[in-house]
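Accompanying notes for the structure given below.
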Amino acid sequence: MKQEAGRQIPGIYELLEAAYGYQGWWPLLSKAGSPGYDDEGYLIGRDWRGAPTPSQRFEIVLGAILTQNTTWENAKRALIALRAHGLRGPKAILAENPSQLPTIIRSSGYHNQKAIKLRTVSEFLHSGNYLARRKAPDRERLLSVWGVGEETVDSILLYAFGMPFFVVDAYTRRLLARLGIADEHASYVWIQRLFENAMPPDAELLGEYHALIVRHAKTHCRKRPVCGGCPLRRRCPFPRDHSPES
DNA sequence: CGCCAGGTGGGAT
DNA sequence: ATCCCACATGGC
């Protein structure tokens, strides 16, 4: 498509922010309940955020893997279990008995695969010392790590390293398709460019946008849509194209 | 019960 | 390039 497809992108951001308010991603278990964060670990205001510590970066990486095609609640249980076992860094993950790891993260689903993914990404981070150096890994290199796909790589670079990459997920696709902005199977990079070309290259802003889309997709733009009270209703052909489910 | 959730890699077409 | 499938738990 042409660049005109991105025309509505900034306006949609404004509407979502107005409707849902500041989301304060990425949620940090290690911050939950501390000043400036809510009980779930979401940042409450913009003023508390500094660069994540190495430990916080690692927690974000773990969460990004564990939440793949899985609810955050299930991923969070696995994070809590990892913390309870003292597995807070790449070295600890690599030192853990490989046959025990799947058991620890069982609640996240796909736990056998995800255990391997936690090891491969830990090996990568450890060998390049990426957590302590605040230097972000190269996107292509990180993408080549087994278990780290496009969404995960951008989640890590954006939320753990503050790089201005937009994260595209299933919610983003569904939203754009219903709004008539993009085809359901548009490529990842096509959608990513759409947002990155339409918005300033600001990590805080792009992170907030992705978080707002997740929030919106859970609230109104669900698989089974709840169009009443939708903040994007004025712009969305969906309610008119499909008769309301009885 | 069946469907869904903040994907990814591997193998076939 | 693109499609199809296995991978898995917990909530509703």
Side-chain angles (χ1 to χ4, degrees), chain A residues 12-13 16 20 22-29 32 40-43 59-82 98-124 139-160 165-178 182-193 195 203 206-226 245:
Chain A
I12 291 168
Y13 175 86
L16 294 178
Y20 302 109
Y22 184 63
Q23 300 300 298
W25 273 34
W26 185 281
L28 285 168
L29 198 57
E40 297 294 313
Y42 293 93
L43 189 63
E59 187 186 319
I60 293 169
V61 171
L62 293 176
I65 300 273
L66 292 171
T67 197
Q68 288 173 357
N69 202 43
T70 301
T71 62
W72 180 249
E73 282 309 306
N74 282 356
K76 196 167 82 176
R77 285 191 182 95
L79 281 176
I80 291 169
L82 286 170
S99 68
Q100 280 293 40
L101 200 46
T103 307
I104 296 169
I105 63 170
R106 181 176 141 280
S107 69
S108 69
Y110 309 121
H111 52 286
N112 294 311
Q113 289 203 344
K114 284 176 178 174
I116 298 170
K117 295 179 181 183
L118 295 189
R119 295 181 61 85
T120 58
V121 78
S122 290
E123 172 58 31
F124 175 84
R139 189 178 186 279
E140 287 307 311
R141 291 250 184 91
L142 185 51
L143 190 53
S144 73
V145 173
W146 192 91
V148 178
E150 289 180 301
E151 181 182 344
T152 304
V153 84
D154 289 323
S155 293
I156 292 171
L157 291 175
L158 175 64
Y159 292 109
F165 290 101
F166 184 77
V167 176
V168 178
D169 62 1
Y171 291 153
T172 311
R173 283 214 163 76
R174 186 163 75 209
L175 176 64
L176 293 185
R178 285 188 180 153
D183 187 90
E184 185 82 54
H185 1 299
S187 77
Y188 185 96
V189 292
W190 189 90
I191 296 175
Q192 185 177 47
R193 291 266 181 269
F195 283 86
L206 295 178
E208 182 65 10
Y209 205 160
H210 172 66
L212 284 164
I213 289 173
V214 172
R215 174 67 182 279
H216 178 60
K218 286 176 169 174
T219 311
H220 284 105
C221 209
R222 305 158 72 98
K223 191 81 147 197
R224 174 85 169 287
V226 179
E245 65 283 357

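Chain naming here is simple, since letters A, B, ... match the order of the sequence lines and numbering starts at 1 in each.
Distance, A/R106 CZ to C/dC7 P: 17 Å, rounded to whole Å. Whole-Å rounding puts the A/N69 CG to B/dG9 C1' distance at 13 Å. Between A/E150 atom CD and B/dG7 atom P the separation is 13 Å, expressed in whole Å. Atom CH2 in A/W72 sits roughly 15 Å away from atom C1' in B/dG7 (whole-Å rounding). The interatomic distance linking A/E73 (CD) with C/dC12 (C1') rounds to 14 Å, in whole Å. Atom CD in A/Q68 sits about 16 Å away from atom P in C/dT9, given to the nearest Å. A/Y110 has its OH atom 14 Å from the P atom of C/dC5, to the nearest Å. Atom CG of A/D154 and atom C1' of B/dT8 are 14 Å apart (whole Å).
Classified by interplanar angle (parallel below 30°, tilted 30° to 60°, perpendicular above 60°), the ring pair A/Y20/A/H220 is tilted. Using cut-offs of 30° and 60° for the angle between ring planes, the A/W72 and A/W26 rings count as perpendicular. Between A/Y209 and A/Y13, the ring planes are perpendicular. Angles over 60° get that label, and only those under 30° would be called parallel.
Checking B/dG7, C/dT9, B/dA5 against every side-chain atom of A/D169, the shortest atom distance belongs to B/dG7. For A/K117, counting side-chain heavy atoms from C-beta on, the closest listed nucleotide (B/dT8, C/dG10, B/dA5) is B/dT8. Each of B/dT8, B/dG9, C/dT9 was ranked by its minimum atom distance to the side chain of A/S107; first place goes to C/dT9. Distances were taken from every side-chain heavy atom of A/E151 (C-beta onward) to each of B/dG9, B/dT8, C/dA8; the shortest belongs to B/dT8. Comparing B/dG10, B/dA5, C/dT9 by their closest approach to the side chain of A/R174 singles out B/dA5.
A/S108 comes within 4.0 angstrom of nothing in the nucleic acid, heavy atoms only. Residue contacts shown for A/A211 are absent, as no nucleic acid heavy atom lies under 4.0 Å away. Nucleic acid contact for A/K218: base, since at least one base atom lies under 4.0 Å from a heavy atom of the residue. The residue A/Q113 sits close to a base: some heavy atom pair falls under 4.0 Å. Heavy atoms of A/V145 sit under 4.0 angstrom from primed sugar atoms or phosphate atoms, though from no base atom. Within 4.0 Å of A/V148, counting heavy atoms only, lie sugar-phosphate atoms of the nucleic acid but no base atom. Here A/G109 lies in heavy-atom contact (under 4.0 Å) with a base.
Using a distance-only test at 3.5 Å, with no hydrogens or angles considered, no donor-acceptor pair links the side chain of A/E40 to the main chain of A/P27.
When the P atom is compared between B/dC3 and C/dC5, the two are found 15 Å apart, to the nearest whole Å. Here the separation of C/dA8 from B/dC1, taken at their P atoms, is 22 Å to the nearest Å.
Here A/R222 does not reach the OP1 or OP2 of B/dA5: none of its side-chain N or O atoms lies under 4.0 Å away. At the phosphate of C/dG11, OP1 or OP2 sits under 4.0 Å from a side-chain N or O atom of A/R77. Taking side-chain N and O atoms only, A/T152 has a distance below 4.0 Å to OP1 or OP2 of B/dT8. The phosphate of C/dA8 (OP1 or OP2) has a side-chain N or O of A/N112 nearer than 4.0 angstrom.
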Which is it for A/V226 and A/T219 under the side-chain contact (heavy atoms from CB on, under 4.5 Å) test, yes or no, and what are the steps along the way? CA-CA 8 Å; A/V226 179; A/T219 311; over 6 Å; no
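Of the two residues contacting DNA chain B, namely A/S144 and A/T71, the nearest-nucleotide position lying further toward the 5' end is that of A/T71.
Side-chain N/O atoms of A/K117 and A/T152 include no donor and acceptor closer than 3.5 Å.
Only one option out of A/D154, A/L206, A/I156 pairs with A/F165 in a side-chain contact (heavy atoms from CB on, under 4.5 Å); it is A/D154.
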